[in-house]
Number of protein chains: 2
Amino acid sequence: MSNQSLPVVDPNAVACCSPLTVRPMDPDQATAVAPMFKALGDPVRLRLMSMIASVPEMCVCDLTPAFDLSGPTISHHLKVLREAGLVDSERRGTWVWYRVKPEALRQLGALLDIPASRSG
Amino acid sequence: MSNQSLPVVDPNAVACCSPLTVRPMDPDQATAVAPMFKALGDPVRLRLMSMIASVPEMCVCDLTPAFDLSGPTISHHLKVLREAGLVDSERRGTWVWYRVKPEALRQLGALLDIPASRSG
DNA sequence: CGTCTAGCTTGACAGATGTCAAAACAGGGT
DNA sequence: ACCCTGTTTTGACATCTGTCAAGCTAGACG
């Protein structure tokens, strides 16, 4: 199989991530993306996300004590972020480390972009 | 009262809207912003938002028929978007028109920005 | 005033969500 | 083998959410 005719930019991907302000989202894309926004729609998860995003990676053992919440609850919120595709986790020895998935952040950011032609 | 010593940029506002990736959000900001993400965290509302954002303003009468949902349900979702501060509505005669609030979109977009220094 | 249309509010209900306690699981150290 | 610590899973429960039907309000037009 040759890759000689692969387009440089997948046109589907362009439609997929063009800003909200450019064209109405099709229902499938909305269904795909909504869980990411939903995952960020809780104050605890938003803080978890920003704590993880502020550093290369973060141990659960450093996340949990920042909240007045039980370990299982933090674990639950981390699972929601993970299943939304916003973060990845990896166990190394005793501790579990979380990292953001920058491409997910970029996709959401792209959706919220306001093109220069609409900045009024 | 003179305004001679007003800072050009409110330092609080900077802290308020610096990207997630720059520093952990403080709990108050997370509580303030999460409802906006939450409002976008439903496929119907995400589509409504993008339909409204794609044009200067949009009549409810043109939004409702785009969904297989009752009028009250659409009205409910529009109320959620309105109370999250993402859109404004105005009645003019028979119809009600919805507009996006660009500054809200910009605030969320800014939070998701990935600074050039972190683009790896 | 009466009536028609557009949109919102209320009430009800099934299903989802946030939380914790208890139990289970994973590694490390003794 | 045993326990200790860190993390996740399970089960339970109160609250929140998405949806619709029915009723209500606002404006246009006779």
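Below, each value reflects all heavy atoms present in this structure, side chains not excepted, and no hydrogens, waters or symmetry copies. Computed from a predicted structure; not experimentally measured.
Of the candidate nucleotides C:dT19, C:dG7, D:dT8, C:dG7 has the atom lying nearest to any side-chain atom of B:Cys59. Listed candidates were C:dA6, D:dG6, C:dT19. Nearest to the side chain of A:Cys61 is D:dG6. When distances are taken from the side chain of A:Arg91 to each of C:dA26, D:dT8, D:dG18, the shortest belongs to C:dA26. The side chain of B:Val96 lies closest to C:dG7, out of C:dG7, C:dG18, C:dT19. The side chain of A:Arg45 lies closest to C:dG18 when the candidates are D:dA28, C:dG18, D:dG18. Taking only side-chain atoms of A:Trp95, from C-beta outward, the nucleotide of D:dC20, D:dT8, D:dT7 with the closest atom is D:dT7.
The phosphate of C:dT19 (OP1 or OP2) has no side-chain N or O of A:Thr73 nearer than 4.0 angstrom. In terms of phosphate contacts, A:His77 brings a side-chain nitrogen or oxygen within less than 4.0 Å of OP1 or OP2 of C:dT19. OP1 and OP2 of C:dA6 both lie 4.0 Å or more from every side-chain N or O belonging to B:Tyr98. Contact annotation: A:Lys38 does not reach the phosphate of D:dT17 (side-chain N/O to OP1 or OP2, under 4.0 Å). Residue A:Ser70 places at least one side-chain N or O closer than 4.0 Å to OP1 or OP2 of C:dC20.
As a whole-Å value, the separation of B:Lys79 NZ from D:dG18 P is 13 Å. Here the P atom of nucleotide C:dT9 and the CD1 atom of B:Ile74 are 15 Å apart, to the nearest Å. Atom CG of B:Leu48 and atom P of D:dG18 are 12 Å apart (whole Å). In this structure, CG of A:Asp68 is placed 18 Å from P of C:dG18, rounded to the nearest angstrom. The CG atom of A:Leu78 sits 16 Å away from the P atom of D:dG6 (whole-angstrom rounding). Summarising the geometry, the separation between CG on B:Asp42 and C1' on D:dG18 is reported as 8 Å, rounded to the nearest angstrom. Whole-Å rounding puts the A:Trp97 CH2 to D:dT7 P distance at 9 Å. D:dG6 atom P lies 15 Å from atom CE of A:Met58, rounded to whole Å.
Within 4.0 Å (heavy atoms only), A:Phe67 reaches no atom of the nucleic acid at all. Within 4.0 Å of B:Gly93, counting heavy atoms only, lie sugar-phosphate atoms of the nucleic acid but no base atom. Residue contacts for A:Thr94: at a heavy-atom cut-off of 4.0 Å it reaches the sugar-phosphate backbone alone, with no base atom in range. Among the protein residues, B:Arg92 comes within range of no part of the nucleic acid, since none of its heavy atoms lies under 4.0 Å from any strand.
Between the side chain of B:Arg47 and the main chain of B:Ala66, a donor-acceptor pair closer than 3.5 Å is present.
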Would you check, one step at a time, whether the test side chain to side chain contact (heavy atoms under 4.5 Å, CB included) holds for B:Ile52 with B:Leu78? CA-CA 10 Å; B:Ile52 297 167; B:Leu78 289 171; 4.0 Å; yes
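A:Met51 and B:Pro24 get closest at one heavy-atom pair: CG-CB, 3.9 Å. Shown here for A:Pro65 and A:Val60, the closest heavy-atom pair between the two residues is CD-O, 4.4 Å. Nearest heavy-atom pair across B:Leu20 and A:Ser54 is O-OG, 3.4 Å.
For the pairing with A:Leu81, the side chain to side chain contact (heavy atoms under 4.5 Å, CB included) check across A:Asp88, A:Val100, A:Leu48 returns one residue only, A:Leu48.
Nucleotides of DNA chain C nearest to A:Pro72 and B:Arg82 differ in position, and the one nearer the 5' end is that of B:Arg82.
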